[in-house]
Structure formats: structure tokens, C-alpha cells
> 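Below are the C-alpha cells for one structure; questions will follow.
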Amino acid sequence: MSKQPQLDPKYDPRRIEQDTYQRWETNGYFAPQGNGKPYSIVIPPPNVTGTLHLGHGFQHTIMDLLIRFHRMDGRETLWQTGTDHAGIATQMVVTEQLRAAGTSPTGLGRDEFTNRVWKWRDEAGGTITQQMRRIGSSVDWDRERFTMDEGFSRAVLEVFVRLYDDGLIYRGKRLVNWDPSMQTALSDLEVISEEENGSLWHLRYPLRADTRTMDGKDFLVVATTRPETMLGDAAVAVHPDDERYRNLIGKSVTLPLVDRELPIIADAYVDPEFGTGCLKITPAHDFNDNEIGARHDLELINIFTSTAHLNDNVPERFRGMDRFAARKEIVSSLDSRGLLEKEKDYKVQIPRGERSGEVLEPWLTDQWFVAIKDLADPAIEAVETGRIQFEPKRWENVYFSWMREIKDWAISRQLWWGHQIPAWYDEQGNVYVGRNEQEARTKNNLDNGVALTRDPDVLDTWFSSALWTFATMGWPDETAELSKFHPTDVLVTGHDIIFFWVARMIMMTLRFTGEVPFKQVYVHGLVRDKHGQKMTKTKGNGLDPIDVIDGITREDLITKRTANLTQARLAQKITQDTEKDYPEGIPAFGTDALRFTFSAIASPGQSSYPFDLQQVEGYHFFCNKLWNATKFVLSNVGEDFRMETGNESLADRWIRSQLRDVIRTTRHALSEYRFDRYAQQLYQFTWHEYCDWYLELTKPVLFNEEKGSDAYVAAQSTLVTVLESLVRLLHPLIPYVTETIWQQIAPLCDKNHETIMLAEYPTEDDFLLDEQAEQSIAWLQNVVTAIRNLRSARQIPPGDQVTVQITGHTAADRDAAEDTRVPLSRLAKVSDLDLIDGDTMPIGSTQVVGNLSITLPFADDAERQQETKRLQKEVERLNSELKRSLSKLNNENFVSKAPDEVVNKERDRKTTYESQLQVLEEQLSAIGMG
RNA sequence: GGGCGUAUAGCUCAGCGGUAGAGCGCUACGUUGACAUCGUAGAGGUCCCUAGUUCGAUCCUUGGUACGCCCACCA
């Protein structure tokens with residue numbers, strides 16, 4: 001990597017980030033390298049139609065963090081990337097474009113349509129991969145895959161054919177969730193069922209002339225939320241033990257409007273408590289009714305077309321009507337015949353298509369299914385036995401509860417964009433499956449004289465994504481990648497796709513490779529806006545990660561948020577909200593700040609993370625802080641710099657010892673997927689230890705000692721060494737700023753890697769533990785803080801020098817004071833530090849720290865008066881602490897039952913309180929007398 | 001109807017069987033030779049309620065309340 005110019009005077013992410021990424025990519029740093037133990041992650045392939053949202057940004061940050069860490073830690077690291085063809089979503093997008101251009105998929109025909117989609121993918125599908133680069137994702141672009149590329153298609157065929165041959169894929173006429181607008185079947189998971197306002201209608205079905213109910217009525221009343229389906233009724237059911245209707249079982253009613261004779265059947269499914277206890281049975285249009293119908297061998301009367309209009313199986317006057325129009329018509333027809341008993345408002349669960357939002361219809365069609373049980377059992381076991389572990393663990397229960405009740409998977413879709421099902425039909429409708437038509441013929445001894453037609457349907461997108469971990473590595477061939485990088489180490493995913501994707505990957509991968517797809521599943525929450533609201537188009541509260549990185553003006557943000565909105569009122573509200581929340585637009589915070597934010601909010605236990613730009617701003621300041629600290633270090637190393645160890649001061653030894661501790665805790669945090677702690681620990685160390693204390697502690701050395709002296713060189717060397725390690729520690733989190741800094745610092749440490757990305761991650765053993773230094777600096781910090789406290793209480797201007805008297809000190813304190821005299825005087829603006837022996841207590845403002853008393857003598861009487869108040873308050877506080885401590889120690893049970901350690905600690909506290917009180921009371925009376 | 005999660009400072013969240021923490025926000029004071037994108041000090045919490053277990057509970061257990069989520073065919 002070419003040498004960069006000196007650090008810019010100002011930290012500006014825009015000046016470093018994109019160039020840096022480009023260098024990384026062109027130099028091939030993202031590819032697996034070295035011969036360490038393999039480590040691999042596959043990206044959850046984003047929809048090729050998509051654009052990057054904050055959720056992706058979060059997820060990619062987490063994965064990149066793990067990848068960069070392991071890569072630096074010596075593992076041979078593969079981050080597999082790619083995109084998903086996203087059947088329905090993509091077909092919808094392109095269809096919409098065609099519609100705008102005045103045509104439609106059917107207008108073009110299948111071949112031309114799929115050509116258009118491919119073309120569109122090639123042109124527009126790159127958006128999301130470009131955006132991934134902006135987040136800093138170090139994926140191996142050379143291995144980018146697509147779920148419909150050639151290799152993938154081969155894998156899909158292979159899986160389908162093998163499952164079919166094993167009897168695990170079958171075709172059947174079943175009731176499925178049908179989307180009348182998309183005109184395709186959907187799986188159960190793609191159905192979003194929500195409560196909506198509806199009605200419950202009570203309808204009268206006339207009994208035959210010779211029958212009456214127990215209470216003498218000549219009709220039965222059924223309750224329904226979907227009166228239009230009555231045209232397909234096949235029976236009326238009652239509970240077998242329901243005394244009210246016992247005499248009617250086996251009799252019949254006449255279906256109004258149709259005049260069909262319906263048997264009255266008994267089925268335990270019916271709840272006698274609900275409505276009238278009579279249930280109309282429509283086996284072709286309701287999942288429950290379908291099961292009941294099967295039990296009683298009822299006829300399946302399909303009354304809908306594929307667009308949910310009434311078909312020829314209904315009386316002529318209703319034919320061709322839309323289902324909702326038919327509902328109105330039927331209700332009013334019944335009403336006019338006196339057959340509508342009542343109608344009341346009712347909350348109904350309405351099933352809608354996940355993508356289209358259309359009300360779905362249970363509809364009878366021929367579809368392909370995966371018989372899932374044989375696949376599910378080993379997949380359950382893999383998690384039970386711990387071959388796969390979820391993190392946090394509670395998600396395993398979610399997985400189990402779904403898997404144990406799993407139903408067959410409807411995999412065929414009546415779309416054109418996707419993997420076409422490898423099945424052919426002869427003229428009699430017999431089905432033949434093969435990897436291609438020829439194989440289908442050969443396997444089934446069909447000569448070319450038999451005309452075959454291919455099944456037009458495609459597979460559910462998730463069928464192919466289920467193969468993602470192994471198909472991207474070359475399966476069904478036995479490739480080097482598969483043996484090296486599979487199973488992958490961890491899957492990073494949101495809980496929203498555990499069923500859609502995670503479970504299905506586990507099932508398919510176990511079946512076809514005998515391996516688990518991944519050893520761990522890290523389940524993260526969903527990013528929300530700062531109020532905890534879901535980010536949606538209609539709320540207009542969404543944020544584009546790129547806008548957080550590059551910044552955006554208020555006007556542009558409003559334009560973006562209100563584009564393509566159907567309702568003008570919404571646009572107005574969104575404009576107002578945006579003006580309120582972002583009066584100045586969004587400044588360019590940079591990728592590093594955004595990544596830091598993602599890491600910091602990734603705490604387990606939270607299933608959603610509120611995203612607040614103020615937080616991003618804070619981490620932007622953090623990057624700036626690091627930048628400026630680097631400027632300080634660089635400004636203090638000249639041509640004559642030499643790296644040397646052996647003469648470290650207490651402060652030097654202290655910061656090295658602290659760094660050792662941070663390396664230990666951050667590595668631990670990463671091993672537990674505690675990205676929040678990882679970020680927080682590094683923030684704390686960088687800002688509050690390295691910058692706040694250590695940098696300040698080096699100033700007296702750098703400014704006062706002779707250049708080149710042992711102490712000077714030790715401070716310089718430590719400043720550089722610690723910073724160099726620190727940026728390596730931080731690199732997985734904030735890759736850009738650390739790379740930029742590292743390029744300046746690394747040469748000073750004789751680090752010769754071209755990039756920080758490939759430098760080794762720091763280890764604990766890089767630095768020495770030094771308890772003595774830690775104690776001394778802790779002492780210094782206590783004393784400095786105490787003096788600052790007193791100064792503040794006395795309102796002594798920050799610039800004024802003070803005299804400080806210390807009593808109650810031990811020999812160790814004396815040594816510590818001696819060792820830290822210089823920095824102490826600088827940090828607390830102390831001109832004289834007197835350690836007074838004997839009993840004479842100096843008079844002044846006093847603060848006690850442990851057994852030490854620190855006193856600032858008074859300058860005049862006014863100060864004396866003020867001090868009394870402060871001391872009284874302090875005495876009061878200490879007294880109450882002492883009281884609490886005493887009550888514990890006077891408790892027999894506490895002393896006898898609590899661990900010695902705890903009791904001793906309490907005793908020490910008590911002693912300290914007492915001596916502190918004594919000092920302060922003495923001081924109080926001395927002041928009072930003066 | 002089942003299941004799960006969460007309740008801690010003004011806000012967003014860590015934490016823990018032994019005297020409550022961070023970031024942001026707020027207050028006061030500061031142009032100290034990296035940084036005002038900063039520094040120093042400070043205010044601010046019956047750790048949702050209840051009953052237990054315990055020498056000791058914010059933490060464990062019971063029950064409850066509030067909010068959120070997932071699954072499910074009550075017409």
C-alpha cells in the first residue's frame with residue numbers, strides 16, 4: 001500500500017473512507033489467505049432488488065467485525081457474499097415497470113419477460129452491493145454468487161430431483177394460500193394474519209319440511225364471517241353431544257340461493273358455545289372445513305377463479321362477480337328472503353400476502369410440496385445436541401416449537417422469475433422428474449415420440465436460499481472450499497427469518513451434506529427509529545445508512561421520504577416530522593461512527609434497537625478524539641524517534657498494564673458476541689484512560705524533560721506502542737480511521753504489513769501486568785480528583801495554583817506522592833505539596849480519600865465560613881454510612897453467616913468511616929474556633 | 001388461546017445475591033501548547049408492584065400490572 005500523506009489537520013471521514021476501501025478491494029485483502037484454521041461466514045443474501053437499509057447496515061457491521069477480527073487473529077477467513085433472486089419481490093418490481101410502460105408480463109411472454117428481469121438485474125441489481133462497500137464490508141467479491149447463477153441452478157435441480165426420488169417431494173391438489181392478485185400459491189409463512197374490522201352474519205338455512213329444531217324452528221342458524229362462501233357449502237355441522245341438535249344429525253337443510261341439499265353432520269370440532277353451535281362447512285375454501293370435509297367425505301365445491309371471482313359452480317346470477325361484491329349481493333339476497341337473522345360488527349383475522357398485501361384465499365390447486373417430517377427430525381436433533389447453538393439461547397425454543405409442529409412446505413409458485421420446476425407432463429397428465437427433459441425421458445423409458453410439456457411453475461425463493469451455505473461453495477461437486485470452509489462458523493441473522501431461512505438451511509444442509517450449515521446462530525434484534533417505531537415508508541421515518549454516512553440536507557431528506565407516496569396527507573405529516581427532527585438535515589458522520597453505533601446497540605436480550613443519530617454523533621466525536629490523540633502523538637515524535645523499552649515510568653507501565661486488561665476483556669466480549677461491551681470497553685480505554693490520563697501524564701515529560709533522555713524516550717515509545725495496538729484493537733469496529741492512523745504509526749513500530757487488515761490482532765501477552773503501577777496511578781487519580789473537588793467547591797479558578805497539605809499518610813503514600821509529584825502538580829495545578837507528619841491537622845478545606853486527608857488552606861475568613869457548611873454535610877453523609885455499616889456488623893447472623901470476605905470488607909469500611917469522621921470533625925471544630 | 005421478551009437516572013440502555021453504572025441531555029466554571037467535535041466539577045434513581053427465600057434481594061422464587069413480540073383454524 002502506498003504511503004499516505006500526513007494526517008489531515010481535521011478528521012473528515014469523507015476524505016478517507018472511500019479511497020481506503022478501494023485500495024483494500026483492488027489489493028485483494030478480502031480473499032482468504034494464510035494457512036490458519038479456517039473461519040467462514042456466509043452473508044444472508046439480500047434481495048437483488050433491494051437497497052441497503054439500517055438493518056443490513058447493522059448486520060453487515062456485526063459480520064464484518066467478526067470477519068476482520070478473525071482475519072487479523074490469524075484465521076484463514078472467508079466471507080461469502082451474494083444476492084438472492086427474490087422471486088416475488090423482483091417479479092413485482094419489473095411488472096410494475098412494465099405496467100408503467102404500458103405492457104405486462106403476459107404481453108411479453110415468459111421468455112421475453114425473464115430476459116427483461118435479467119437485464120434489469122444486471123443494470124440495477126448492483127445498487128446493494130455498492131452500498132455494502134460503503135459500510136466497509138470486507139466480503140470476498142471475487143466469489144460473489146447469485147441464487148440463480150449457473151452453479152446454483154445445478155444445485156437446485158440436484159436437490160429437487162433427489163428429494164423427489166426419495167419420495168420427499170410430491171405433487172397434490174390441496175388447499176393452499178392463494179394470492180389472487182399475484183395469482184400464485186404462497187407458503188404458510190408468507191401469510192400475514194392480522195385482526196381487522198369485519199362482520200359476523202347469522203344466516204338461516206331452512207330445514208326440510210318434515211323436520212324441526214327442538215324449539216320448533218324450521219331452520220338452522222349458522223354464523224359466518226364470509227357469507228359469499230356459502231355458495232360452496234357442502235354440509236352443516238353440529239357437535240355430536242349438543243342436545244339441541246341431536247335429533248337433526250343425519251337430516252338435512254336446503255342451501256338457500258342454490259337449493260342444494262346439505263347433510264347435517266356431527267363433528268367434535270364444532271364449539272357448541274360459539275354462535276348458535278351450527279357451523280357451515282365449505283371444504284374448498286376454508287382450511288378447517290377442508291379437514292372436516294375429508295373426515296365426512298364431503299364434496300369439494302370450488303366456487304372461485306384464480307382471481308377470486310365466482311366461477312361456473314355457482315348460480316348464474318352470481319357468476320363472474322368479485323368475491324367482495326358477491327358478499328354484498330348474497331347478504332342482501334338472503335335478507336330480502338328473510339334468511340338473514342342478524343349482522344354484527346366483529347373482529348376478524350384477515351390473511352394477507354406478505355408482499356402484495358392482498359387478502360388471500362384458501363384455494364384448491366395442484367401444487368408441489370416437500371414432505372418435511374424426515375427433514376425436520378434431524379434438524380431438531382442438531383440443535384438439541386448442541387451441534388448448532390443459538391445465541392441468545394432462548395431462540396432455540398422458538399425454533400423447536402415451530403419445527404416440532406412443522407407442516408409440509410408448499411414450494412411451487414405460479415411465477416416466471418425463479419427456478420423452474422424440473423418436471424414434465426405427458427398428454428395424460430403423468431409427471432416425470434429429471435435434471436432435464438432428456439433425463440426425465442431416459443429414467444422413465446419415454447421415447448421422443450411422447451410429447452412432454454414442462455411444468456410452468458417455479459420454486460419458492462427460500463427453496464434455493466436454503467442451499468446457500470453449501471451451494472455457494474460448489475456443491476454438488478466435492479470442492480476444496482466445501483472441505484475447508486463448511487460448515488461455516490456462525491450465521492448472523494434477524495429473528496424474523498428463523499423459520500423462513502435458518503430452519504430450512506439446517507434441514508437441507510443436513511440432508512445433502514451430512515453437515516450442519518453453521519455451528520452457531522447469532523440472532524440479533526431489529527433496528528427501529530429513535531422512538532422504537534418500526535421504520536416504514538408510510539411513516540416516513542426511515543433512514544438510509546448512506547445518508548448517515550455522507551450526510552443529507554433537510555430538503556433532500558424530505559424529498560426522499562415523500563417520494564412515491566400515494567396519499568398527500570401522509571406527505572404533509574412526514575414533511576412536518578422531518579423538519580422537526582432534522583432541522584439542519586444530517587451531517588456526514590462517516591461509516592466508522594455508524595458502525596460504532598451498531599456495535600454499541602447490539603446488546604442481547606433486546607429484540608429491537610432504537611437508532612438515535614445523537615448516538616452516531618457521539619461516536620463521530622470519538623473518532624475525532626482518536627484522530628486528535630494521534631496528531632498529538634505524531635507531533636511529539638520527530639526524525640530522532642527511537643523505539644526503546646526498559647525505562648518506563650509508572651505512567652508508562654500503568655497504561656501498558658491497562659491495555660493488557662482491555663485486550664483481555666475485548667477478546668472475551670467478542671468471543672461471547674457481546675459487541676456492545678467490546679465497543680464500550682474500547683471507548684472507555686481510548687477516551688478516559690489513554691486520552692484523559694495517559695496523554696496528560698506524558699505532557700510533563702515531553703514538555704519538560706530533555707529530548708532523548710531515558711524518560712522522554714520511554715514516554716514517546718509507550719505513546720506510540722499503545723496507540724498502535726489500540727488502533728489494531730479498534731480496527732474491526734472502525735476500519736477506516738484506524739487504517740489511516742495505522743499507516744502513520746505502524747512504521748514507527750517496525751510493523752511491515754501493507755494494511756492493518758492483515759496485521760495481527762493484539763494479544764494479552766503483548767503487554768505486562770504491573771500491579772504496582774496500577775496502584776500508584778490509582779492513588780494519583782484519587783488525589784487529583786480530590787483536589788479538583790476541593791478546588792471546585794471553593795470555586796478556585798482553574799488557572800490558579802494551590803498549596804496542598806496531606807496528612808494521615810503511610811510510607812506507601814509518601815512513596816507514591818514522591819513518584820507522582822510532577823504529574824500531580826500539573827494535573828491538579830498544585831504548586832506546593834506538603835506531606836505533614838504527626839498529629840497537627842492543617843486548617844482548610846479537607847477531603848478524605850481512604851486514610852488520607854487532603855487539605856487546601858484557607859486564604860480568608862469568607863472561605864472559612866463556607867467550608868463549615870460543606871463539612872457538615874459531609875459529616876452527615878459519613879454518619880449515615882457508618883450507621884448502616886454498624887447495623888450490619890452488629891447483626892449476629894450477618895457476621896456468622898456471610899462469607900468472611902464480605903464481613904471483613906464491611907469492617908474495613910467501618911474503620912475508614914470512623915477515621916474519616918474523626919478527621920472531619922476535628923477540622924470542623926478547628927474552623928469553628930478559628 | 002398458547003408461548004416469549006422487557007420494566008434500572010430526563011432519554012437510550014449496561015449491570016449485579018453484599019453501599020447503583022455508561023452514553024446522551026441538563027447545570028456551573030474554563031480560549032491550560034491533540035481535540036470547544038474539548039476539559040473540570042455537579043445535579044439527578046423507594047432499580048414497576050406484591051408476597052416469599054436469605055444474615056442480606058434491584059438481582060432468585062410466587063402472584064400481579066404495563067408495554068412489546070411470536071405462534072395458533074373458533075366459524
Side-chain angles (χ1 to χ4, degrees), chain A residues 7 9-11 193 200-201 222-226 229 237 269-271 273-282 286-292 346 348-349 362 392 394-395 397-398 401-402 405 495-496 498-499 525-526 530-532 587 600-601 603 605-612 614-615 617-636 674 676-677 680 683-684 688 691-692 695-696 699 702-703 784-785 788-793 795-799 826-829 880-881 884-885 888 891-899 901-903 905-906 909:
Chain A
L7 235 39
K10 288 244 177 254
Y11 167 62
S193 210
L200 186 65
W201 286 271
V222 296
T224 181
T225 55
R226 301 206 53 195
T229 63
Y269 170 79
V270 180
D271 177 3
E273 304 293 316
F274 189 92
T276 57
C278 297
L279 176 62
K280 72 190 250 326
I281 305 295
T282 322
D286 182 283
F287 288 99
N288 292 311
D289 292 7
N290 187 260
E291 282 178 26
I292 296 169
Y346 197 70
V348 208
Q349 292 283 328
R394 64 188 169 88
W395 292 107
N397 291 328
V398 175
S401 64
W402 189 69
E405 309 266 313
H495 59 74
D496 50 335
I498 289 179
F499 306 146
L526 277 14
K530 70 170 172 179
H531 306 292
I601 61 179
S603 55
Q606 299 296 120
S607 55
S608 66
Y609 313 125
F611 182 86
D612 189 352
Q614 263 194 319
Q615 208 174 345
E617 185 185 34
Y619 295 128
H620 172 75
F621 294 160
F622 174 85
C623 294
N624 182 62
K625 186 81 179 173
L626 185 64
W627 187 269
N628 281 296
T630 305
K631 268 170 43 190
F632 172 80
V633 172
L634 288 175
S635 72
N636 283 291
R674 289 304 304 266
D676 56 333
R677 286 188 183 160
Q680 197 207 337
Y683 184 98
Q684 162 70 24
H688 299 302
C691 291
D692 283 354
L695 247 52
E696 295 305 323
K699 283 177 182 175
L702 296 173
F703 296 164
V784 168
T785 306
R788 284 172 175 169
N789 255 309
L790 291 172
R791 298 178 61 110
S792 176
Q795 296 183 315
I796 296 170
R826 180 183 170 93
L827 294 175
K829 284 280 177 345
S880 75
E881 296 287 358
R884 211 177 29 72
S885 192
K888 267 189 149 175
N891 181 344
E892 278 292 325
N893 284 323
F894 173 72
V895 179
S896 60
K897 294 190 180 170
E901 199 188 306
V902 173
V903 177
K905 213 168 141 192
E906 199 58 46
R909 264 204 285 263

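Chain letters run A, B, ... following the sequence lines, proteins first, then strands; residues in each count from 1.
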> Ignoring hydrogens and angles, does a donor from either the side chain of A:R788 or the base of B:U40 sit under 3.5 Å from an acceptor on the other?
no
> Give A:S603 one of three labels, base, sugar-phosphate or nothing, depending on what nucleic acid heavy atoms sit under 4.0 Å from its own.
sugar-phosphate
> Can you label the angle between the A:Y619 ring and the A:Y683 ring as parallel, tilted or perpendicular, going by 30° and 60°?
perpendicular
> Would you please confirm or rule out a distance under 4.0 Å between OP1 or OP2 of B:G18 and any side-chain N or O of A:K897?
no
> Is B:C74 paired to anything, Watson-Crick or G-U wobble with both distances less than 3.5 Å, and if yes, which nucleotide?
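Paired with B:C74, as far as the under-3.5 Å criterion goes, is no nucleotide at all.
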> For the side chain of A:Q606 and the base of B:A14, is some donor closer than 3.5 Å to an acceptor across the two?
no
> Which nucleotides of nucleotides 70-75 of chain B have their base under 4.0 Å from a protein heavy atom (B), which only their sugar-phosphate (S), and which neither (-), written as one string 5' to 3'?
-S-BBB
> Do A:R791 side-chain atoms and A:A828 backbone N/O form a donor-acceptor pair below 3.5 Å?
yes
> In terms of side-chain heavy atoms of A:V902, which of B:U40, B:G18, B:C13 is nearest?
B:G18
> Does any nucleotide pair with B:A7 by Watson-Crick or G-U wobble geometry, both distances under 3.5 Å, and what is it?
B:U65
> Along nucleotides 22-33 of chain B, 5' to 3', which nucleotides get a B, which get an S, and which get a -, given that the test is a protein heavy-atom distance under 4.0 Å?
-SSS-------B
> Just checking A:R394: base, sugar-phosphate only, or nothing, at a heavy-atom cut-off of under 4.0 Å?
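Sugar-phosphate, no base atom in range.
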> Which nucleotide, in any strand shown, forms a Watson-Crick or G-U wobble pair with B:A36, with both distances under 3.5 Å?
none
